[in-house]
Amino acid sequence: MYRSNNMKIRMMAIVVVALVSIATVGAMTAEDIVRQMDALETFETSYAEGEIVTTDRFGVKTSTFRSWSRGAYDSLIEFTSVAERGQKVLRTEGELYLFYPDAEELIRLQGAALRQSMLGSDISYEDMTGEKDTLSQYEVKLLGNERISGRDCFVLEFAAKTRTVAYPMQKVWVDTGTYMVWKGEFSTKAGRLLKEMAVLETMTVDNRTLPKITKISDKMKRDSATEMRLTHLDIDVDLDPVIFTLQNLTW
Amino acid sequence: MKFLRIATPALLLALCSLFPLSAAADTVVDLNLYHVMQVRDTGNDVSSLYTMATEASVSFKSPNEGNVRGDVALSIVDMYESNNWIPVVQIDRAYLRVRFPSFRLTAGKTRVGWGDGMLFNAADVLFGSTDTGVNLQDQELRTSTKWLTSVNIPLGAFSFVEAVVVPPEDLTDADVGKTTLGARYYTTVGSMKVETGAAYRADHTSGNPTGQVVSPYIALQGNMGADWYVATSANLAYPEDIAEELKDSWMLSAGLFNLVNVGWQGTLSFRLETLVRPFGDWEATTGPVKNYGLYLYPEISYAPSDTWNLSLRSIVSPLDMSAVVMVGGSWNILQGFSFNGYVTANAGEPGDAFPWQSASPLSPSMSATVGMAWVY
């Protein structure tokens, strides 16, 4: 009897949760989904180690890095592979600095220079350190639902509000359960596809499902793709505020 | 000559083995091998030279951990001496850096980068970024280092003050009074970077060699569609005629940089820098030392893909209508490995800043280099 009641309670709970979820999803606007998507990708703080693997017809190039982030805007990337060892990129709200240790050169990047390819990859400095306040930069429209990698996804279309963003048009597939972006298509205003992004492998950190291996294909190039692989990720860790200063950048 | 070609890499390998610290340090080797072809027109005769040249450097960097950093970088370059190329080992960098709670101390042979500018930078009052005798084939045009000690004190996330002491470089005249001192303040105001500072030295080039001179500067950097940067500096000399020295030494540098996407997958970047000496010579002169009021440095770089880069660089002297022009390209085909090829030529009349005819074997009329580079 006890066992039977327990089963009934559990079944009812599942049904209630499912109904609430459906109701919540049904009531969500495109803006709500984007807020959830940004929230998933925005950590109080984070520390990551990883590699950028670029493949073309001549072979594979690998650059390794460490990165620290705080909130939506502050991030520091330090490259650890041989050819780029010690080079750092610091992004804060509205500013981006590069440091080249051999030349003791501190460069402030603004404007179009942010669109430069980073280390010969398909990733630009903007891609790497992009701000995660999507709604301030894009108008968003919910196109419907599709299944990607076996997961139910919202399909969203973004149209840039300003000319300062890297991609005037974006189409992304956002997981309805985890709000992780499984796939993205980045296009010109005229609709010409520039880059395509797909998550190949995920990991769970602090109860969040996050991309572990992300493949970025530059559609303007033949036989070229870049994989961003995270080998280590800590989120909401204690970080010294000094990390996001020029003092640390030039250290 | 052949022996030297073989000896250079052997010397490099020997150096590597001499440094036991390499086991604990991160070792990076930058090896460049070039075929060099030069043409020299003396006015009476045209001669050519073909050889192979090596540039190799080894850097031993401490791991990026803790509060002490160090870097020793040695390079082997071919120096022209007594009608021959002699391999010479030089110290590019050798410094220790220590981080304390409220400041940072650096001591050794290194560089401090004041102001902005690829070639012309009036704010570079400690190292000097106004001469035109650079190798346009180098990725970085200003890389010279000096023995110095510096203290850097942060005043906020994006502000700091820095003080530098540079001992006399000429050991035949290394009196303590010849020490160079410098200080700068770096901050941001709105979206603009503001940097100001000064250098003090016990002599100067344009006036009384035993006088004392302070060279203040101000440098600004920002973005208005394109990235821009400007700087100005001048010498305040004592006991020289202050107004005269100020007039002779006053200079301004300015630069613009922009990058646009081109075609299917390319990027095209433009840089234009200028050096202006308002009281310099504004008419063509034929003397060996030029003090022209205006020089330009245009640079166009086209990257049709992330592995190819084609560039055109030039230093232009508009007052005598001469220029040195470099056209080249690199192909980064494998990890850290690239093929490179460059052609550099002077275009000017005898007596111009960049004459085609050359009296010195170190200044060919035209040179072409084709080679490869590997960082590992």
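The model shown is predicted, which means the values in this text are computed figures rather than measured ones. In what follows, every chain begins at residue 1, and chains take the letters A, B, ... in the order their sequences are listed.
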Among [options], who wins on heavy-atom pairs under 4.5 Å with chain A?
options: Tyr186(B), Trp374(B), Phe160(B); value: Tyr186(B)
options: Lys193(B), Arg99(B), Arg111(B); value: Arg99(B)
options: Thr188(B), Ile153(B), Asp30(B); value: Thr188(B)

- Identify which of Leu246(A), Asp56(A), Leu106(A), Thr245(A) forms the greatest number of heavy-atom pairs closer than 4.5 Å to chain B.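 Sorted descending by pairs with chain B, the first entry is Leu246(A).
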- Task: Side chain from CB out, backbone as N, CA, C, O: work out which of these in Phe337(B) comes under 4.5 Å of a heavy atom of chain A, or both, or neither.
- Result: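 Neither part.
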Under a 4.5 Å heavy-atom cut-off, does chain B meet the side chain of [X], its backbone, both or neither?
X: Val242(A); value: neither
X: Thr80(A); value: neither
X: Asp102(A); value: both
X: Arg66(A); value: side chain

- Would you say the side-chain atoms of Arg85(A) and Ser59(B) include a donor-acceptor pair closer than 3.5 Å?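 No, Ser59(B) and Arg85(A) have no side-chain donor paired with an acceptor closer than 3.5 Å.
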- Message: Is the ring pair Phe158(B)/Tyr97(A) parallel, tilted or perpendicular, if the boundaries are 30 and 60 degrees?
- Response: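 The arrangement is parallel - the two ring planes meet at less than 30°.
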- Look only at the side chain of Glu105(A) and the backbone of Gly113(B), and say whether a donor-acceptor pair between them is shorter than 3.5 Å.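 Checking the backbone N and O of Gly113(B) against the side chain of Glu105(A), no donor-acceptor pair under 3.5 Å is found.
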